[in-house]
Structures are given as C-alpha cells and as structure tokens.
Amino acid sequence: MRISQEITLMRGSVRRKCVLIVHYYLQFADASSTSETGKVTIDFKDPIAARALTRALLEHDFGVKVSLPLDRLIPTVPQRLNYILWLEDIIGQETPARGIDIGSGSSCIYPLLGCRQNGWSFLASEVDDENILFARKNIEQNAMGDKIKVVKVTEDTLLLGLLEGSTETFDFSMCNPPFYSDHLEAQGITTARSDDRSDASSISTASEVESIAWGGEVRFVSQMIEESLQLKNRIRVYTSLLGKKNSVQAVKDFLQKKKVPKFATTEFCQGKTMRWGIAWTFDTTVVFPKSAFKEQKNAKPPLVCSVQRGAAGLQEYTVQTYIWFLRKLVEDLKINYYTKHCGKFYTCLILQAKSNTWSHQRRKRREREKKMNSSEPLDTPDCKTIENARAAEPQVKDLKEKCSESFEASVDNESEHSKEDEQSATKSTGDNEKMLHEDEIMDEVNVVKEKPDLGLDSEEATKGKKRKSTDYETDLDNKSKKLKENDEALSSDGVNKDKQCEPVVNLLKGPQMLSRHQIVQQFKKEQAENSASNAVKKTLSFYEKSEPFSENEECLLLCKFVLKKDEGEMSLALTHLAGNRETMHQIMQFFKNKLSVPST
Ligand SMILES: C[S@@+](CC[C@H](N)C(=O)[O-])C[C@H]1O[C@@H](n2cnc3c(N)ncnc32)[C@H](O)[C@@H]1O
C-alpha cells in the first residue's frame, strides 16, 4: 500500500509516518532531525520541511516529481488524495475521464495525481502567474503535457469563462477554492485552518490570492453552481472542496434553492483537520457512493431537548454552567462518563449506564432523608435537587478550572475554541479527544427523513413485528406520561404513593446488559456492514485508542451526550451507541425534568 494512502486510511498519526518517509529520502535529511534515541522528527512550521515532505510523498508513492515555490501553498498529499479517492468513487475508474480543475496551484497536484492514478486528463485554470509557471513546469517534468493543460484566467472566471468558445464535454469538475472572504477572517482563524495541514502548528505559505476570495468559499462555489445551471450536462458531475462546516449547509441551501436535482456531501477527516466535499449533477444516472447513503439512512436521529434560559433555576446561560449541573446529575446517578470534548460552546461526553438509577429518584431521596433524620450514615449520595444546585451556583465561577481539572484533555485556549466551535473545521487537540461535529456524511436531496427512533429495541421490534412510527410515538407518549404520573405521585406532600406507581422499568423490556467486548464487536460488525453511524465509528476508534471502560464492565446503555450552544440557544442531545435504547429516552426525560424552568 502506498504510504500516503496508508496515511489517509490511518486518519491520524500522520507525523510518525511522514517522518519515516522524509528520512527515507536522504536528500531531504536536512529537513528532519534525529534524536539520540533514533527518533526522527520534522518541524512542520518550517516551510522547507513541509515542502520536503510533500515532494517526498509525491515521488515515493506516485512517481510524481514536483517543484514548489516556498511563497505559495504547499499541498498536503493525504488531504488531496482523499478528494481524488472520493471522485473515483463517484465517476468510477474504468473510463479515462476528462475533468476540470479550477485553481491548479503551483503544484498542479490534482491533475498530476488524477492523471498518474487513473489516467484522467485535465483542463486546469489558474489566476496567479507564479503558480502557472510552476504548474506548467511540473506537468512538463512528469511528461504529462498531452494530458494536462493549464490556462490563465481572470479572478471572475470560473467555469463559463473557461469553456467559452468550446463545445467540449467533461466528466467532472473539481476545485479547492480560496476559503476566506477577507484578511480578518484569514487572520482570525489562521491557526485553526490556515492551510489544510493536519496540525494547527504547521505553517501556511499560501499567498493572498490562494487563500482569500471575495465572499469566501460560499460565494465562490455558489458562482460555480450558478454557472452549472447554464452548462448543465456539459459537465457530468460538479464538485468542490469546502473548508468550513458552516459553508456546507449554506451551499446545500443554495443548491436546493436553485433546484439542482441531485447533490451529495462528504466529510474528509485527516488527523485533526476536517474538510468537506460537495458534489452536484443534472444527470440523474449519476449514483453517489452507496455506502455513505446507507450510513446516512441508518444513522438514527439523536434525542434533542432544548435548554431554556433559566432552566433548573441557573442564572448563567452558558455551556459551562449547564455542563457542570448536568455532570453533577450524571455523577449522582452513578453513570460513568468519559469526556470527548470540553469547549466553550460544545461539550461531548460518552455516557455508560450500568443500571437504571434514574427511576424513583424521589423515593430514594425520601429514604435518604429518613436516614439522615435518624442520624444514620449516608452511604450513597443520590441525585442533587435543583435547590442544591442553585445553592451551589456561585461555584460556577470556578467552572472553567473545574472543567479543565477533571476533564482529561482540556481546552487550552477559550477564544480559539469559540472560533473553532462555531466556525472552524479543525478538531480539538489530543489524539483521543476529537471535537465531534454533528455527523454528516453523504446525503442527497429528497431523502425522506427518518422518524425519530422511539424504542426500536422494544419487544415488538425484537419479535420482528412491524409497527408504524406513530405507534412508537404513542408508546413514548404513554411512557412519558407514566413517568410524569410517577413523578407527580411521588411528589405529593408526605403521602407515600409508591405502591400506586408502577415502576417505569417494568413497562419496558428487561435490562439488556452488554459487555464492552460485545459493544466493540457490535460496532465492528456495523462498520463491516457499512451501517455504522458516524457516532459509532468515532466511538469505536475512541474505544480502541483510549479504552475508557474496562473490558468486562457491563453496561445497560452507551450513548453520546452533547451539550452545545448554537446561535445563542442551548440544546442537549443524546445519541444512541449501544445497549437498551429505551433507557436513553428515560434518561432524556430525567434530564428534561431537571431542566425545567421554575415558575416564579
Ligand atoms: C486553495 S488554492 C488550491 C490550489 C491547489 N488546487 C491545491 O489544492 O493545492 C486555490 C487556488 O485557486 C486559484 N484561484 C483563485 N481564484 C481563481 C479563479 N477565479 N480561477 C482559477 N483559479 C483561481 C489560486 O491562485 C490558488 O492557486
């Protein structure tokens, strides 16, 4: 397997692999250093080292020799390869396809890779003279002059201008557009996504014209969409890379507005760097990669609850305040949790519930109070009341500290993260602690949205009895009602109505304990069958890397817990990963009860 491909598939530890290659090429030995123990490292902040790595990878894996100026974008090979591999999936490798590359850069990397890998031929455009000079040199030194042509265009020219005066048709178009709309944006998030290198500490050598375009990438791609409406099937599949998650939705909205019949998105994950691909077509025979569709269809929507201002009587409407409150609840319920990300606007935990500790909270509290009154020692702290939480709220000021103390990998720069949480595609630091954006792999317009998952693990489902989604809704309503009734019954002054209350757990299917080993097996099976949701895939790799829970530890439910603040509004989402799905509804109901806004 080629080393860069291996890097792509490994999706991480790029450095380790890269340094081996740099070392492999003795002529690049200057760019690397070897410690006394023989550990080879390269400085990613050094443009010479970055260039050496790219050149070594291209030559070693693809037999492509390139010359690259140090004052222009130095492409990272694994990221570029991701895009080429995705295109291969869409258009197939069988036919010698002809494509367009908007903005070849000095490397001319996409045409060179596409030509060498698949025999594709290219018409490429570029605005920058120095880039054109180097791109043509690179084509020449790889003897690809008959397959790749680079033409100079003006900045307002994209597809229409490039194809003016010709009737030629193309199988695809591709583009890695300048991401930023202006210097401020470029500077503001430079560390998060300067170039597309996997590490924020790497150098960006991109010139202004390479990184900034009026209106940013959304306008750039929107113009391509507008022009495609005129060109229609002259290009079979239009594609572009996107560097910001926000841009994906904006471009999808635009495609929908323009009534483009078919489009798809994908996610490229390389180390800590995320990029997105968008593809659209007017040819309904185009089939976008199947596996990803399946993934989208199989992904069950999370349970989401909005967290209102003043919920639980807390005054500060911040993720830190509420994560503190919710973590307390989780701890009191003796639910194990593991922090995947702790940020200003986004916190993600993995919850592992061993047993149902959330039913009958009031009864348990009364029992505890009784014990306290009879001066018996209190052995098991139970769920804190809202009042307790309110009383403790002043501690919230220390939350950031607490958060970073107890969370395994903390946020090292809040302002950086606020940008990251809202705008950037870069994952947070630390191998095991990746920032989870909402899962969004391939989707297509007009895919019917799934009904929310409402207990598909229930008895009927296991018996194979088909039920309408409305049935599930009614079921959940009934269960929620029952929960509420129980709560109300239990909260009546001094009257013990426990006997009247059927335990909620009896309404549900019996506990279904899974060991960590079984969970991992289940995840692997889903992955092999291509039915694993993104959340499951990420949890699997997280499990494999970090082993957060012991091998034999059993659990009733494993779910992802996300508290985030988006456009000023906070929400809590639970995504099922493994175990008894019904219990996730109960836990969500429990959180909802605790997060009610007290009447004044
Ligand atoms: C982000 S760089 C990508 C370069 C290369 N494709 C890569 O992936 O490494 C964007 C490139 O587009 C070029 N560019 C900007 N506006 C353009 C336009 N209207 N037409 C063609 N190229 C353009 C820039 O000069 C720059 O080389």
Side-chain angles (χ1 to χ4, degrees), residues 4 47 50-51 53-55 57-58 64 66-84 86-87 99-115 122-136 138-139 148-164 172-182 185-186 190 193-197 202-224 226-227 239-244 247 268 270 273 275-277 425:
S4 48
R51 180 174 68 176
L53 175 62
T54 292
R55 294 181 69 190
L57 282 172
L58 283 174
V64 166
V66 289
S67 304
L68 301 169
L70 284 172
D71 58 352
R72 292 292 186 275
L73 181 68
I74 297 165
T76 49
V77 179
Q79 270 289 6
R80 301 308 191 278
L81 190 60
N82 279 336
Y83 192 174
I84 294 279
W86 182 54
L87 263 178
I100 292 173
D101 178 25
I102 302 290
S104 67
S106 63
S107 58
C108 201
I109 190 161
Y110 289 129
L112 292 180
L113 282 179
C115 183
F122 281 86
L123 173 63
S125 66
E126 182 50 66
V127 288
D128 181 70
D129 285 331
E130 189 173 345
N131 279 347
I132 292 172
L133 197 78
F134 274 86
R136 287 182 178 153
N138 289 333
I139 295 166
I148 306 167
K149 188 177 163 201
V150 178
V151 297
K152 182 171 163 66
V153 293
T154 52
E155 271 181 51
D156 54 351
T157 302
L158 292 178
L159 294 164
L160 272 179
L162 185 66
L163 299 184
E164 209 173 54
F172 66 89
S173 68
M174 67 190 305
C175 177
N176 177 6
F179 293 138
Y180 306 119
S181 53
D182 53 42
E185 196 193 357
T190 297
R193 45 183 304 278
S194 55
D195 181 1
D196 58 357
R197 216 150 285 122
S202 58
I203 187 81
S204 173
T205 54
S207 68
E208 190 176 313
V209 69
E210 291 176 307
S211 51
I212 300 173
W214 173 75
E217 60 183 2
V218 171
R219 195 214 56 84
F220 205 94
V221 178
S222 298
Q223 188 185 328
M224 285 202 280
E226 285 280 9
E227 296 185 2
T239 70
S240 181
L241 202 72
L242 290 168
K244 286 188 281 179
S247 306
F268 302 119
Q270 193 65 55
T273 304
R275 293 288 179 263
W276 290 265

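Order of listing sets the numbers, starting from 1, for every ligand and every atom in it. Bear in mind the structure is a predicted one, so any value in this text is a computation, not a measurement.
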Heavy-atom nearest pair, Ala50 first then Ile74, reads O-CG2, 3.9 Å
Centres of the Trp86 and Phe268 rings: under 6.0 Å? yes
For Gly105, atoms of ligand 1 separated by under 4.0 Å from a heavy atom: 4 (C), 27 (O)
Does at least one non-hydrogen atom of Thr154 fall below 4.0 angstrom from an atom of ligand 1? yes
Applying side chain to side chain contact (heavy atoms under 4.5 Å, CB included) to Val127 and Thr154, what does each step give before you reach the verdict? CA-CA 6 Å; Val127 288; Thr154 52; 5.8 Å; no
Out of curiosity, is Ala213 lining ligand 1, as in a heavy atom under 4.0 Å away? no
Can any side-chain N or O of Asn138 pair as donor or acceptor with the backbone N or O of Ser67 at less than 3.5 Å? yes
Where does Ser104 meet ligand 1, judged by heavy-atom distances below 4.0 Å: at the side chain, the backbone, both, or neither? backbone
Looking at every non-hydrogen atom in both residues, tell me the closest pair between Phe220 and Cys175 and how far apart they are. CE2-SG, 3.7 Å
Ignoring hydrogens and geometry beyond distance, is a side-chain donor-acceptor pair present between Thr76 and Gln79 at under 3.5 Å? no
Tell me, which protein residue and heavy-atom name are nearest atom 3 (C) of ligand 1, and how many Å apart are they? Asn176 O, 3.4 Å
Would you check, one step at a time, whether the test side chain to side chain contact (heavy atoms under 4.5 Å, CB included) holds for Arg80 with Tyr110? CA-CA 7 Å; Arg80 301 308 191 278; Tyr110 289 129; 3.0 Å; yes
Of the listed options Glu210, Met224, Glu208, closest to atom 26 (C) of ligand 1 (non-hydrogen atoms): Glu210
Counting from 1, what ligand 1 atoms have a heavy atom of Val153 closer than 4.0 Å? 20 (N), 21 (C)
Considering the heavy atoms of Thr157, write down every atom of ligand 1 situated less than 4.0 Å from one of them. 18 (C), 19 (N), 20 (N)
Verdict with reasoning, Val153 to Ile102, per side chain to side chain contact (heavy atoms under 4.5 Å, CB included): CA-CA 10 Å; Val153 293; Ile102 302 290; over 6 Å; no
What is the nearest protein non-hydrogen atom to atom 9 (O) of ligand 1, stated with its residue, atom name and distance? Arg80 NH2, 2.8 Å
Under a 3.5 Å cutoff, is there a donor and acceptor pairing between the side chains of Asn131 and Glu210? yes
Salt-bridge contact Arg72-Asp128 (side-chain N to carboxylate O under 4.0 Å): yes
Among all the protein's non-hydrogen atoms, which is closest to atom 23 (C) of ligand 1, and how far away is it? Val127 CG2, 3.8 Å
Non-hydrogen atoms of Ser104 and Glu126 that approach each other most closely: N-OE1, 3.4 Å
In this structure, atom 12 (O) of ligand 1 is nearest to the protein heavy atom Gly103 CA, 3.4 Å
Per-atom contacts, ligand 1 versus Phe220 - under 4.0 Å to a heavy atom: 16 (N), 17 (C)
Apply side chain to side chain contact (heavy atoms under 4.5 Å, CB included) to the pair Phe172 and Met174, showing each step before the final yes or no. CA-CA 7 Å; Phe172 66 89; Met174 67 190 305; 4.0 Å; yes
Counting from 1, what ligand 1 atoms have a heavy atom of Leu158 closer than 4.0 Å? 19 (N)
Those atoms of ligand 1 less than 4.0 Å from some heavy atom in Pro75: 9 (O)
Going by the closest heavy atom to atom 24 (C) of ligand 1, which one wins out of Glu126, Gln223, Met174? Glu126
May I ask you to check if ligand 1 and Asp156 share an N or O to N or O distance below 3.5 Å? no
Would you say Phe179 contacts ligand 1, with heavy atoms under 4.0 Å as the rule? no
Show the atoms of ligand 1 that are less than 4.0 angstrom away from any heavy atom in Asn131. 25 (O), 27 (O)
Short N or O distance, Asp101 and ligand 1, threshold 3.5 Å exclusive: no
Answer yes or no: is there a side-chain heavy-atom contact under 4.5 Å between Leu163 and Ile100? yes
Glu155 versus ligand 1: do any nitrogen or oxygen atoms come within less than 3.5 Å of each other? yes
Nearest protein heavy-atom contact for atom 21 (C) of ligand 1: which residue, which atom, what distance? Ser125 OG, 3.4 Å
